[in-house]
6 protein chains.
Amino acid sequence: MRVGVYPGSFDPTTNGHLDLIHRGMKLVDKLVVGVLNNTNKQPLFSVQERVTVLEELTKDMPNVIVDSFTGLLVDFIKRHNAHIIIRGLRAVSDFEYELQMAQTNYTLDREIETIFLVTRVENSYLSSSIVKDIAKFGGHFENMVPESIVKKIKYKYNPSAN
Amino acid sequence: MRVGVYPGSFDPTTNGHLDLIHRGMKLVDKLVVGVLNNTNKQPLFSVQERVTVLEELTKDMPNVIVDSFTGLLVDFIKRHNAHIIIRGLRAVSDFEYELQMAQTNYTLDREIETIFLVTRVENSYLSSSIVKDIAKFGGHFENMVPESIVKKIKYKYNPSAN
Amino acid sequence: MRVGVYPGSFDPTTNGHLDLIHRGMKLVDKLVVGVLNNTNKQPLFSVQERVTVLEELTKDMPNVIVDSFTGLLVDFIKRHNAHIIIRGLRAVSDFEYELQMAQTNYTLDREIETIFLVTRVENSYLSSSIVKDIAKFGGHFENMVPESIVKKIKYKYNPSAN
Amino acid sequence: MRVGVYPGSFDPTTNGHLDLIHRGMKLVDKLVVGVLNNTNKQPLFSVQERVTVLEELTKDMPNVIVDSFTGLLVDFIKRHNAHIIIRGLRAVSDFEYELQMAQTNYTLDREIETIFLVTRVENSYLSSSIVKDIAKFGGHFENMVPESIVKKIKYKYNPSAN
Amino acid sequence: MRVGVYPGSFDPTTNGHLDLIHRGMKLVDKLVVGVLNNTNKQPLFSVQERVTVLEELTKDMPNVIVDSFTGLLVDFIKRHNAHIIIRGLRAVSDFEYELQMAQTNYTLDREIETIFLVTRVENSYLSSSIVKDIAKFGGHFENMVPESIVKKIKYKYNPSAN
Amino acid sequence: MRVGVYPGSFDPTTNGHLDLIHRGMKLVDKLVVGVLNNTNKQPLFSVQERVTVLEELTKDMPNVIVDSFTGLLVDFIKRHNAHIIIRGLRAVSDFEYELQMAQTNYTLDREIETIFLVTRVENSYLSSSIVKDIAKFGGHFENMVPESIVKKIKYKYNPSAN
C-alpha cells in the first residue's frame, strides 16, 4: 500500500491546499494530511481547530485522514508507515526551499520520496499569509478559501461582528 | 486623468526611491506616494517623519503628492481614485513577491493595473535595510540617500553626536 | 501626448498578447504595436500577415496602431515619437532577459522608459512557441489564441485540410 | 491501475535518468519510459538505439516498459492509458520550463497529473548535453552514464578506435 | 601578501563551512575566518564558543586564523589588512543576497574583492539552521557537522543526557 | 605559484571582460586569458583576431597572457599548470549554468577550483551578443567595448564604410 503525507501549517486551509489534497489522494492509496504544530509561531487557529477544519473538508474522501505533528516530518512519516511526501510548488523561491527540504529528508531516511505537484495557475498567488493579510483589514478573501471557513476566519479578526 | 500610486515603507527614502518617483511621475497625470504605516514593524522614522521627508523631496514636482496609509493598498488606491500601482523591480526575489502582490491586488479589484519599472543599475544593490545596516555601525551611506536626510539618519543612530 | 510601443514577434498573436494590448492602451494616449521582422528566424506567418491579423484584432481600439520594424527597437520608437516600451512578464527567465533589454535600451536612449505588466495567471503558461508546438501535431490550441486566427494557424500546418 | 509516463530524449541515458526510473517505478503500478523522437534535432543515437539501451537497462524491472513517440506527449499518454507524467527537477531554469509544460499539458487534458522528483545531489550537474560535450573531446564521462553504454558513446565519436 | 576573510555566523560550523575553509585557504596566503557577533539574534553557541570550535578545527592549517567581529564587515577586513572576501554559494536565493552584499561592500571600499566558491553538491542542502532544526528534535545530523562538535550540539539541546 | 584561467569566447571583448581581467590578475600570480575556439558557432572575429585584440589590451599587465583553446577547458588548464578558473557572474541564469560547469569541471579534476567574481553594476547588462545586436544595426555601442576595437567591430558589419 502506498501511503503519502501532505504536510503543512494549514493556518488557514486555502483553496490551493484543498486542490492539492484532491489531486494527491489519487496518487496514493492513503493520504495523511499532516498539520504541523509549529511551536515557534503564534498561529491564527490552534492545531486542533485546523485539524477539525480539515477533517470536515475531507470527510467524503475515504482514503484521506488528518493528523497533527510536532517535531521532525520524518518521524511523523514513519509513524504512519508512509514513504511519500507530497508538496505543492508555486514559485522559484518555493522551489529552492522545497528542494533543500527534500534533500534533507532523503538524507535522514533513504526510503522517503518527495513528489511535487504544481499549483494550478488560478491558485498560484495564494498563500495562508496573504489570506490573513487581507482578512485582517476587512478585504475580500472569500474566493481564496473553502466556503466553510470564511466565517471562522472573520470571527478570529472581529469576534464582535456577527 | 491617470492617477498612480507608488507605495512603500520609505524608512528611509533612498536614491532608488527618489529615482522611481522621478520616472513614475512622467507616466501618470498625478502620482501619489503612499507611505505604509506597517504596525508590525518598529520603524526608524515615524510615518509622519517619512511623509515630511518625502514632501520636502517632492516639493518641486507639481503632480506628486504624499500620503500615508494603514491596511490594504487597494483601499488606499480607491480613496485616491487611482487605477495604477507603480513598483520598482531589482531582483528575482523581488519579482516573485511583486508578481504575487500584483495578482492578489488584481483579484481584489479588476480595475487596478500594476506597472513595474526596473531599478537603475547604479541603485540595484540599494535598499532601506542596507542603508540602516550601514548607518547603524557608522559606515558610509551618504551616496545612497538624498542629501537632505543624511543628517536625520545619523541623528537617529547617534543623537548625541553633532 | 504619451506614446507607447508594445514590441514583439506575434508569430502568432496569443490571448496573452491581446490581453497586454487591452491593458497597455489604457496606460498611454497612443499605443503602437510593433511587429519585429526578425530576419534570423523563419516565421510561421510573414510580417505582413502578422500586421494584418493585429490590425483586424485592434480595429475597434481607436488609440492603437500596428506597424512593423527591422533593426533596433530604439530607432522604431523614435520614428513614432514614443518614450515608453510596454512588455509583459511571465516568469523569472523572462524577467532577466527583459531587465537586460530594458537596461540596454535605457543606455541607448535615456528618454526611454520600459514598463512591465504581469501576465494574467490564466495566460501565464502561454507563448507563441507553445501554440505552434501544439498546432503542429494537431493538438487543441483553440483556447490559446484569438478565435479569428485559429483557422489561419491550422491552414499553415495543413493546407489541404478544409 | 496507476500508469505513469517518464518522457525524455535519453540521448544518451545518464545515471540521473536511471535513478529517476528506479524511483518512479515505485510510485506507479506501471511505468512507461517514453523516448521522444524529436525530428528537429540531429541526435547522437537513433530513437531505436535509445529504446534498445533503455530496454536493456530496465530488463529486470517488471513494471517498466519502453516506447518511443513523435508529436504531443498528451497523445502518447492516452495511448498508454496513463494519467501521470513523471519529471525530474534539477534547477530553477528547469523548474520554469517544466511548470510551463505541466500547465500546458493540464490545459490539454484535465485528467493528467505531472509529478516532479528532485534529482539526487550527486546527479544535479548531469545532463545528456554535458556527457556529449565531454565525450566529444575525449574527456572522462564514465561515472556519468550506465556502464553498459560507455563503449557505445565512445564508438559514436570515434568509430575507428577499438 | 593576499589576505582573505571568510565571514559567517558558524552557529554551528557545518561540513559545508569546513570545506570552504579548506578550499579558501589555498586561494590566499592568509585566511581569516570571521565569526559574526550578530547582536540581533539569540545564537545556539556564544561567539567565544564558536571561535573556540573553529580554532580547534583549523589548528593544523598554518595560514588560517579565527577572529570575531561586531559591526561592518568592511571594518573587520581593514583591521586584518585583507582585500578579499570569500563566500560560498549554494542556491539562487543565496546568489541574489550575496550579489547585493558584494556590491554594497564594493561601494563601501573599492579595494575589496568578493570571490564566490560553489558549495560541493554533497553539502548543497546543508545550513546551520537545518542542523539546528534536526538536532532540536533528536534527529540524525551526525553526517552534517564535524565530528568534534556533535556532542556539543546535543548537549545544548539536552544538557541532562549523557 | 597560483595560476588562474579566465576562459571565454571574447567575440568581441567587452568592457565587462576587461574589468574581470583587471580584477582577476590581482587574485593570482599569473592569469591566462583563454579564448575558446568554438567550432559550432560562426564567430564575428576569428580566434586569432580575438587573441590579438586581447594581447593588445593586456600588453601592460605583466602577469597576464593570452592563449586559445579547442576542446575541454580542463585540458587547457592542465596545459598551463593552472588550478583556478575565474568566471564572472551577472544574473541568475548565468549562475545556474556556471554552477553546473563548476561542478562538472570539479568532477573531471578534483584539483580545480572555480572562483566567481560579480560583474560591476555598470556592466551588468553587457554581453558580447548585445554588442553585436546593436552594432549590426548601426546603434551606439561605443561605451560598451574598449575603444581600440570599436573601429574593428564597425568594419566587420560595414567594410565599405570608412
Side-chain angles (χ1 to χ4, degrees), chain B residues 8-9 11-20 40-44 87-100 116 118-147 149-150 153-154 156-158 161, chain E residues 5 7-9 11 32 34-43 47 67-83 85 87-116 118-119 124 127 129:
Chain B
S9 291
D11 184 40
T13 299
T14 67
N15 287 337
H17 293 133
L18 198 55
D19 177 58
L20 258 286
N40 292 336
K41 285 194 199 168
Q42 182 60 35
L44 182 65
R87 294 287 288 162
L89 281 178
R90 283 170 310 174
V92 169
S93 39
D94 269 10
F95 171 63
E96 298 216 314
Y97 174 78
E98 293 293 341
L99 186 142
Q100 195 183 32
F116 295 101
V118 170
T119 303
R120 293 282 167 254
V121 288
E122 60 269 26
N123 298 323
S124 61
Y125 62 87
L126 257 185
S127 74
S128 293
S129 307
I130 279 186
V131 168
K132 284 183 279 192
D133 284 352
I134 295 171
K136 186 182 176 184
F137 294 109
H140 184 78
F141 65 93
E142 277 81 347
N143 53 339
M144 298 180 184
V145 299
E147 203 191 329
I149 59 172
V150 168
I153 295 169
K154 286 185 172 172
K156 285 282 175 185
Y157 286 109
N158 192 0
Chain E
V5 165
S9 291
D11 184 40
V32 183
V35 180
L36 175 64
N37 188 4
N38 188 337
T39 52
N40 292 336
K41 285 193 196 167
Q42 182 59 35
V47 168
D67 193 5
S68 64
F69 70 106
T70 310
L72 293 179
L73 178 56
V74 290
D75 294 334
F76 180 68
I77 285 168
K78 267 179 216 151
R79 216 158 72 219
H80 283 280
N81 291 312
H83 290 286
I85 300 170
R87 294 288 287 162
L89 282 177
R90 282 169 311 173
V92 169
S93 39
D94 269 10
F95 171 62
E96 297 217 314
Y97 174 78
E98 293 293 341
L99 185 142
Q100 195 183 31
M101 283 302 104
Q103 304 283 21
T104 301
N105 286 323
Y106 175 71
T107 303
L108 292 173
D109 185 342
R110 298 273 153 158
E111 296 305 309
I112 290 176
E113 184 67 82
T114 304
I115 67 180
F116 294 101
V118 170
T119 303
S124 61
S127 74
S129 306

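Here is the naming used below: chain letters follow the sequence lines, and residue numbers restart at 1 for every chain.
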**Study point:** H140(B) side, atom NE2; T107(E) side, atom OG1 - distance, nearest 0.5 Å
**Key:** 9.5 Å
Revision key, fill the gap. When every non-hydrogen atom of T104(E) is compared with those of I130(B), the smallest separation belongs to OG1-CD1, 3.5 Å
Review point. Given that the side chain runs from C-beta out, which part of N143(B) has a heavy atom under 4.5 Å from chain E: side chain, backbone, both or neither?
Key: side chain
Point to revise | Inter-residue atom distance Q103(E).CD - N123(B).CG, 0.5 Å rounding | key: 12.0 Å
Check your understanding: In Å, rounded to the nearest 0.5 Å, how long is the span from CZ of F137(B) to CZ of F69(E)?
Key -> 9.5 Å
Check your understanding: If you measure from CD on Q100(E) to OG on S127(B), what distance do you get to the nearest 0.5 Å?
Key -> 5.0 Å
Check your understanding: Going from CG on L99(E) to OH on Y125(B), what distance comes out if it is rounded to the nearest 0.5 angstrom?
Key -> 12.0 Å
Exercise for review: Examine whether an atom of L108(E) lies under 4.5 Å from a heavy atom of chain B, and if so say whether it belongs to the side chain, the backbone or both; otherwise answer neither.
Suggested key: side chain
